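See below for the structure under consideration.
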Amino acid sequence: MIDIQGLRFAFAGEAPLIADWSARIDPGITLLYGDTGAGKSVLLRLLAGVQAADAGRLQIGDAVLAGSPARYQAQLFFVDPGTQDFDQMTARNCLAQLAGADADMGVRDALVEGFGLAPHLDKSLYMLSTGSKRKVWLTAALAGRRPVVLLDEPTAALDQGSVRCLWEALTVIGTARQRTVLLASSEAVNTLPLAARIDLPLN
């Protein structure tokens, strides 16, 4: 569960993008819905603790971001889709690092097969297409066991077969409601067992 109290953020000289927002995001899949530019990516970065908020309190379990940032961030999975931080790593090593030593290898192997990643596992990420990189992040996110997962436009640049594979994996997670997944999308998602929906803008 993510507990959000009084979250506020504005770009310099602009009206608040998020104004004194409080919410509780419970286990299951929550759709964060809004048009391009509505602030979905910014909100995910704020919740991940990689973008500083102007005000507010963020908590996962008993870890508060302001007081225990490392413990807070250890509870969640988030990769900015535009990052180049892992480009020199092979997809295999990146998966191992991001999913963690306690990853569910059954889920990992099923996603590698469903996403068609096997031929790319020993390639460096800089050699992969945008869609294939995203598949690596998604596999790590869903095979890992972190209780909170933040996904930014997860279907972008994916082929239809991979989208179906992703939806199947998320349906299992959504039905179990043992993890909290916040899925940001500019498209309505009607095929997943959603626990809740948050519509942007929040100001």
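From a predicted model like this one, the values you see are computed outputs, not experimental measurements.
One N or O on the side chain of S129 and one on the backbone of S132 form a donor-acceptor pair closer than 3.5 Å. The main-chain N or O of S162 is never found under 3.5 Å from a side-chain atom of Q160 such that the two would form a donor-acceptor pair.
By the 4.5 Å heavy-atom criterion applied to side chains, S186 and E153 are counted as neighbours. Between W167 and V189, the closest side-chain pair of non-hydrogen atoms falls below 4.5 Å. The shortest distance between side-chain heavy atoms of L192 and L183 falls below 4.5 Å. Side-chain contact between R179 and P27 is absent, with no heavy-atom pair separated by less than 4.5 Å. Two residues are said to be in side-chain contact when any heavy atoms from C-beta on lie closer than 4.5 Å; I25 and M1 fail this criterion. At least one side-chain heavy atom of L142 sits less than 4.5 Å from a side-chain heavy atom of I173. Put simply, the side chain of R134 does not reach to within 4.5 Å of the side chain of T155, judged on heavy atoms. In this structure, the side chains of L31 and I198 stay at 4.5 Å or more apart for every pair of heavy atoms.
Partners of D159 according to the salt bridge (Lys or Arg N to Asp or Glu O under 4.0 Å) rule, which considers only residues two or more places apart in sequence or in another chain, are K135. By the salt bridge (Lys or Arg N to Asp or Glu O under 4.0 Å) test, D102 is found to be paired with no residue, residues two or more places apart in sequence or in another chain being considered. For F86, the ring pair (Phe, Tyr, Trp, His ring centres under 6.0 Å) partners at least two apart in sequence or on another chain are W137. Taking the salt bridge (Lys or Arg N to Asp or Glu O under 4.0 Å) definition, one finds that R24 meets it with D26, sequence neighbours left out. Taking D199 as the reference, Y33, R197 meet the side-chain contact (heavy atoms from CB on, under 4.5 Å) condition, with sequence neighbours excluded.
L121 and L158 fall within the same hydrophobic cluster, where Ile, Leu, Val, Met, Phe, Trp and Tyr residues are linked whenever their side-chain heavy atoms come under 4.5 Å apart, directly or through other members. No path of Ile, Leu, Val, Met, Phe, Trp and Tyr side chains, each step under 4.5 Å between heavy atoms, connects M127 with V136, placing them in separate hydrophobic clusters. Linking Ile, Leu, Val, Met, Phe, Trp and Tyr residues whenever their side-chain heavy atoms come within less than 4.5 Å leaves L170 and L76 in two separate clusters. Clustering ILVMFWY residues whenever any of their side-chain heavy atoms sit less than 4.5 angstrom apart, transitively, puts L166 in a cluster other than the one holding V172. Tracing side-chain contacts under 4.5 Å through hydrophobic residues (I, L, V, M, F, W, Y), one never reaches I60 starting from L151; they form parts of separate clusters.
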Just do the side-chain contact (heavy atoms from CB on, under 4.5 Å) check on D87 and S124 with the steps written out, would you? CA-CA 6 Å; D87 276 6; S124 296; over 6 Å; no
Between T180 and T30, does a side-chain contact (heavy atoms from CB on, under 4.5 Å) hold up when you go through it step by step? CA-CA 8 Å; T180 300; T30 295; 5.8 Å; no
Would you sort out whether S22 and I4 count as a side-chain contact (heavy atoms from CB on, under 4.5 Å), showing the intermediate values? CA-CA 5 Å; S22 297; I4 303 157; 5.7 Å; no
Using the side-chain contact (heavy atoms from CB on, under 4.5 Å) rule, take N93 and T90 through it: C-alpha gap first, then chi angles, then the decisive distance, then the call. CA-CA 5 Å; N93 290 341; T90 64; 3.3 Å; yes
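Atom CZ of R164 has 12 or fewer heavy atoms from other residues, nucleotides or ligands within 6.0 Å. For E113, the CD atom counts as loosely surrounded, since its 6.0 Å shell holds 12 or fewer non-hydrogen atoms of other residues, nucleotides or ligands. Heavy-atom contacts from other residues, nucleotides or ligands closer than 6.0 Å to CD of E14 number more than 12.
Distance check: F9 CZ to L202 CG gives 13.0 Å after rounding to the nearest 0.5 Å. In this structure, the separation between CG on L117 and NZ on K123 is 10.5 Å, given to the nearest 0.5 Å. The SG atom of C94 sits 10.0 Å away from atom NZ of K133, with the distance rounded to the nearest 0.5 Å.
Taking both residues in full, the closest heavy atoms of A10 and A15 are given as CB-O, 3.9 Å, listed atom of the first, atom of the second, then distance. Of all heavy-atom pairs between P154 and L138, the closest is O-CD1, 3.5 Å. In this structure, A140 and L98 approach most closely via the heavy-atom pair CB-CB, 3.6 Å. Annotation for F77 and R146: closest pair N-CD, 4.1 Å, computed over non-hydrogen atoms. A pairwise comparison of heavy atoms in T139 and R108 identifies CG2-O, 4.0 Å as the closest pair. Residue G28 comes nearest to A195 through the heavy atom pair CA-CB, 4.2 Å, listed as atom of the first residue, atom of the second, then distance.
The residues D54 and R8 are annotated as not salt-bridged, no charged nitrogen and carboxylate oxygen being separated by less than 4.0 angstrom.
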Which atom pairs, one a donor and one an acceptor, fall under 3.5 Å between side chains of residues 34-49 and the rest of the protein, sequence neighbours left out?
| residue | atom | partner | partner atom | Å |
| --- | --- | --- | --- | --- |
| K40 | NZ | G34 | O | 2.9 |
| K40 | NZ | D35 | O | 3.2 |
| S41 | OG | D152 | OD1 | 3.3 |
| S41 | OG | D152 | OD2 | 2.6 |
| R45 | NH1 | D80 | OD2 | 2.9 |

